[in-house]
Amino acid sequence: MKSSPTKNNLGRPQSNNPRLVSECRDIALVYLNTQMTEMFEQMEPAMLDFAEMAETNQSQLRFVEAINIVKAQRESVEHKFREEITRGFKEFLQGKPITYPVDVVEKNAQIELDIVEYDDLEQRIAIQNIVSKAHNKWFKEIYALRQRLSMLRGGKKLPEEDIPAGPAHIASAFQIASDLFDLEQDKLLILYALFDKFVLTESGTIFESINSRLIDAGIFPNFKVDIEINPRTGEIREKKKTGSGFEPSAKEAAGGTGKGKGEGEGGGSQSLGDELFDNIRSMLKSKRKSDPRYKDHPDFNPAAANVQMIETPALASAITNVQPKQSASYLPEANSEGELPQTVELDQNLIQEVRQTLVAERERLFTEVDRNKIPSADLDTIEMVGMLFEEVLNEKHLPNIAKALISHLHTPILKVAVIDHKFLVDNSHISRRLINLMVDSGTQWIDEEDLRKGIYYPMQDLIKKILAKFKEDNLGVFDEAYESLDKRISDLVQKAHIVETRTQEASRGRERLESARSRAHHAIEKKLGDRSIPHALDRFLNHAWLDKLILMLLRDPDVEQTREWSDAMVVVDKVIWCFDACTDPETHGQLPIAIKELKTLVEEGLMTLGEYHQPDSDELFSMLQSYADKTVEEAAPSIRKDAKDAASPKAVARTRSKPLSGKEKEILEELKELEFGTWFELDDTSGNSYRVKLSWLSPVTRKCMFVDSSGVQSSVIPIDSLARKMGAGQARVIEQHKVPFVDRAMETIKNILGKALGIQQAPA
């Protein structure tokens, strides 16, 4: 039975779960063991480098001696380190603050130099520096972990230094453990530097993995840290991370073709563009012939009087006059102190309001100049640009706030198209490429729930510059805007790739842990068979000794074939033998000796796990000893009663899920063929949709891991469940368009006009 959860208004029902804390401890130990191994492998080369720089032979020998000391004491230091990490989790579980022999979190900038030894001061400063660096680098992950762990402590605020496996705890554990080396100060500081580089600097995986485990347990599943704050200065800033050389182009990030200037879709798209343009113009001309507003236009009414047509410069000037001078009131702007809003309340009628604004701009243009004096080619341009921006408003996956923002380019683009008709036929035109980039990237990199992330505000600034600077015929402002936005998106793609890679690594680590737990549990259950065992015995085998087996499997996936594993399973056999002997007249007399031998084996086996499991082993031996002190006749009834009261059924009835339908099976097969990187649209329980990317599929559990545009894990869904959701219309693959937006829009415009005129359209 689970303990009764307490509810809070920030997350799902929570409960103080010792097993959950134990799993978090295991996650930390797994990664720390791996990183400590790498650190010690780099120790000897580092020490030898310093030895080469030493001025005397004596100094060189001391570095060589330090290498030998570290190698000799390494196992003891690693054991002490794990013991300190385990102790921190134990104190957390007990509701106590983590105890530190020396403060590793600086609480007062004024250090009392007269009462601190110089060497101790140097060590303290070194430890505080590496703690501060780790905290600054992983602030978002640590902050989220702090909030979730606080919920495990009843919602009480958790000081930074009381986060188990936090930077302060990890650094303190190493400081305490490294005292066993008894090294000279300069050699010890080299180890601190190595620990900083290979352990604490790489500790983000620990924080992410523990956060993920707590999310899986329902603790603040939707909690997000939207900003990064320098913990020393309180400054809000964007996180800076270094990464691999992977840097896809902005086109690839936005789902475009990535083709350079002059490269059309499918080769000769220039001629296709001309043909499409001519078709649209022909249909627009047919439409205007029956429009009474053009009855005085000589191109559409042969009887109309000849009039002087307006020249291009005058038309461009009129467009400038109707161009908006600033952003519309419904778009968020910085407040008086320069702070940018994170979200904005959007009117449900926003798109209709934008649509009316665009129509009003064109109507104002026709008050500046008589429509019957505008050449038909320019009339075509005005109408096609209007329909192009109508398609922006119709773009399915583009957020409404992005549609409203991009619509501000309506008159600048109209002016471009009037000045240079190539805009409508040449897909390498810089203004056309900019529209493509804004639409495609806005779909991925603008989040209405958090406008500060992604490209909303950078795009808003670029559009403001275009509105302010594009007064003449110079298209350079569009070149500048394209390059700036392209670079911004490339940076976002690179950062997202780094985060996603870490997310994948964390998922693989959790899978290793779950696989090891399952294998270890199966091995114990196989030994127990159908026995009904008392609580103390079950607690020891399926908690303390289970953790021992898990750690062995994590260190070596093939450990089951080794003598070490056989020795560990001997302990399980002996525990079961002692339990059986309590009620067996033939072996009951051998119990005292067997218990003594078992106790030695257990103490040696649990030594690597620290004191965390001491209560479990104490309870086991107390129970065995109490039955050894009784006769078989006295022990048997008591054991049967304890086993009946405490043991839980081995076979738990599982609810069989409904088999997949024929359609769902087809979807499942299609899902298996999908490439990682495919974007989905998922519906939440409220029916709201959100975009996620398929990042990884577990080969063991067959669970799909999805990430958001920043590379952060968003959800994990079994592939069968995903097939069901798709069959029910609650999940959809988002089509990645290979044709640029403006090209698609022009084809749509042609089809719309053809349908309005009753013209049969050939398939696109």
Side-chain angles (χ1 to χ4, degrees), residues 19 22 26 79 82-83 86 516-556 558-648 650:
R19 170 131 343 229
S22 175
D26 291 344
H79 168 63
R82 289 192 296 268
E83 196 174 63
T86 300
R517 186 182 303 280
S518 177
R519 288 164 64 187
H521 182 71
H522 177 73
I524 291 173
E525 290 299 303
K526 187 176 179 181
K527 292 284 187 182
L528 284 173
D530 295 329
R531 289 179 178 83
S532 293
I533 55 176
H535 170 79
L537 195 150
D538 180 69
R539 176 73 178 172
F540 174 79
L541 289 178
N542 285 306
H543 185 235
W545 207 249
L546 180 71
D547 286 352
K548 163 74 176 177
L549 299 180
I550 289 172
L551 193 55
M552 291 170 65
L553 286 165
L554 289 170
R555 288 178 180 166
D556 179 7
D558 299 322
V559 73
E560 289 166 295
Q561 314 303 322
T562 67
R563 175 66 181 273
E564 182 186 5
W565 181 267
S566 299
D567 291 344
M569 296 311 295
V570 164
V571 172
V572 179
D573 290 331
K574 284 187 175 293
V575 170
I576 295 172
W577 185 92
C578 289
F579 171 67
D580 291 342
C582 292
T583 56
D584 185 352
E586 294 184 5
T587 56
H588 187 272
Q590 302 172 34
L591 260 179
I593 296 175
I595 291 174
K596 185 176 180 181
E597 292 174 352
L598 177 62
K599 192 168 188 179
T600 301
L601 292 175
V602 168
E603 288 175 350
E604 290 175 354
L606 294 181
M607 188 178 297
T608 56
L609 300 182
E611 300 176 355
Y612 182 74
H613 294 297
Q614 190 67 42
D616 295 340
S617 58
D618 288 347
E619 187 178 0
L620 170 70
F621 288 112
S622 175
M623 182 204 76
L624 291 177
Q625 191 61 52
S626 70
Y627 293 139
D629 293 340
K630 298 177 182 179
T631 65
V632 172
E633 291 75 12
E634 293 172 331
S638 179
I639 285 180
R640 284 195 294 271
K641 181 179 182 301
D642 288 346
K644 182 178 179 182
D645 292 345
S648 58
K650 300 291 182 199

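In this text the structure is predicted, and so the values were computed from the model without any measurement. Numbering of residues begins at 1 and proceeds along the displayed sequence.
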Does T600 use its side chain to pair, donor to acceptor, with the backbone of K596 at less than 3.5 Å?
yes
Is there a side-chain contact between D26 and D547 (heavy atoms, below 4.5 Å)?
yes
I550 side chain near L546 side chain, heavy-atom distance below 4.5 Å:
yes
Within the 4.5 Å heavy-atom criterion, are E560 and R519 side-chain neighbours or not?
yes
Sequence neighbours excluded, the answer for side chain to side chain donor-acceptor pair (under 3.5 Å) partners of D556 is none
If you define the side chain from C-beta out and look only at heavy atoms, does anything of L598 sit under 4.5 Å from L624?
yes
With a 4.5 Å limit on heavy-atom distance, are the side chains of L606 and F540 in contact?
yes
Any non-hydrogen side-chain atom of W545 less than 4.5 Å from a side-chain atom of V575?
no
Using atom types as modelled and distance alone, determine if a side-chain donor or acceptor of H521 lies under 3.5 Å from a backbone N or O of N542.
no
Decide yes or no for R19 and H543: does some side-chain heavy atom of the first lie under 4.5 Å from some side-chain heavy atom of the second?
yes
Side-chain donor/acceptor of S622 to backbone N/O of D618, under 3.5 Å
no
Indicate yes or no for a side-chain donor-acceptor contact from R531 to the backbone of L528 under 3.5 Å, with no hydrogens or angles considered.
yes
Return the set of residues passing side chain to side chain donor-acceptor pair (under 3.5 Å) with D573 (not counting sequence neighbours), or none when no residue passes.
K527
Minimum side-chain heavy-atom gap R555-V559 below 4.5 Å
no
